[in-house]
Amino acid sequence: MKEPTIINIQKYSVHDGDGIRTTIFFKGCLLNCWWCHNPESQKYAPELMFNREKCSGCGYCRKACSHGAITIEEDGTAHTDTEKCVLCADCLDYCLHNNREIVGKQYSIKELMTIVNKDAHFYEESGGGVTLSGGEVMTQDIDYLEELCRQLKDKGYNVAIDTCGYAPKESYARLLPYVDTFLYDIKTLDDDKHKKYMGKSNAVILENLEFLADSRADINIRIPVVVPVNSDADTMLDIITYLKKRIGIVKVNLLPYHNTGSSKYEKLGRVYPAADLGVPAQEHMEMLKSLFEEHGFQQVKIGG
């Protein structure tokens, strides 16, 4: 059983399922969505995040690095060679401005259960529980996930899984007995667009969604709305038609794109690929909400 890497454990969350929840964000995802607002969750291994804007060029981090991974560039800021960096964290304590952070830590099931158990009374009073998110939780070690979910259910906690759907079908089958709700992403039914903006075909995603529907799982569809990727009415009508024909009238969340995570890309040494994508206007989101409602969807919400 392999312990997964986790980037964050968010307490008192009200956006990832019903009630007050503890949301556990697992690191690693097989998709590469242009607008991902948690890019630190895409790779499976821990990573260094560095805020270059706050770097004074003092050089203390370079002196602390015993692997020769850090140099001071001509612009006076530190640069870390990721090929040489072993994530030993020696440099973190020597940064005068606390600019350096290693994202990702492995947790045992016992450690996670200790954390979530502390908030059991919040779950009971609010009808909340625990949400497993990412990255993509369903691509983590399935033996670990199954045991974690089993222990959560043994405690009587409501369990939700937030998933993009791009994972082995076997993983969904094994977790079905323990999961109360699947928060399931759909971006577009257009496979070419899906390959362009997400990096993979949507075939596996739709197959897994249909498997969950056929298994009578409780499904909450979540649709990130991004201009111009999928914000048009025709794209939403395609999704509506598909859901009604194959999945059913389910709860839908329309999630307007935002670029609040764009600054993280620079901290990871990456280029933000969604710079030319747009935020849908509130009036447009209301129109899309009405479109779903006109086709019989009674539980449609803008936002998480």
Given the options K11, K155, R21, D119 meets salt bridge (Lys or Arg N to Asp or Glu O under 4.0 Å) only with K11
Donor-acceptor side-chain pairing of [X] and [Y] below 3.5 angstrom:
| X | Y | answer |
| --- | --- | --- |
| Y172 | S215 | no |
| T235 | D232 | yes |
| T241 | D238 | no |
| T188 | N230 | no |
| Y123 | T22 | yes |
| N220 | T181 | no |
| K54 | N98 | no |
| H15 | S13 | no |

Does a salt bridge link [X] with [Y], judged by any charged N lying under 4.0 Å from a carboxylate O?
| X | Y | answer |
| --- | --- | --- |
| D190 | K195 | no |
| R174 | E170 | yes |
| D191 | K193 | no |
| E40 | K267 | no |

Would you please name every residue forming a salt bridge (Lys or Arg N to Asp or Glu O under 4.0 Å) with D162, sequence neighbours left out?
none
Non-neighbouring partners of F297 that pass ring pair (Phe, Tyr, Trp, His ring centres under 6.0 Å), sequence neighbours left out
F292
Residue list, ring pair (Phe, Tyr, Trp, His ring centres under 6.0 Å) with Y44, at least two apart or on another chain:
none
Do M113 and D154 have side chains that approach each other closer than 4.5 Å (heavy atoms only, starting at C-beta)?
no
Is there a path of hydrophobic side-chain contacts, each under 4.5 Å between heavy atoms, that joins [X] and [Y]?
| X | Y | value |
| --- | --- | --- |
| L183 | I249 | no |
| I186 | V227 | no |
| L254 | I221 | yes |

Is the terminal nitrogen or CZ of R150 (NZ for Lys, CZ for Arg) located under 6.0 angstrom from the six-membered ring centre of Y178 and within 45° of that ring's axis?
no
Answer yes or no for K244 and Y242: cation-pi contact, defined as NZ/CZ to six-membered ring centre under 6.0 Å and angle to ring axis within 45°.
no
Hey, what else clusters with L96 if you join Ile, Leu, Val, Met, Phe, Trp, Tyr whenever side-chain heavy atoms sit under 4.5 Å?
Y60, Y94
Through direct or indirect side-chain contacts below 4.5 angstrom among Ile, Leu, Val, Met, Phe, Trp and Tyr, which residues connect to I102?
L48, L87, L92
For E266, look at atom CD and say whether over 12 heavy atoms of other residues, nucleotides or ligands are found less than 6.0 Å away.
no
Can you tell me how far apart CG (L175) and CD1 (I161) are? Round to the nearest 0.5 Å.
4.5 Å
Partners passing side-chain contact (heavy atoms from CB on, under 4.5 Å) against D93 (at least two apart in sequence or in another chain):
none
Among Q106, E47, E136, which residue meets the side-chain hydrogen bond (donor to acceptor under 3.5 Å, both in side chains) test with K27?
E47
Y197 and W34: aromatic ring centres closer than 6.0 Å?
yes
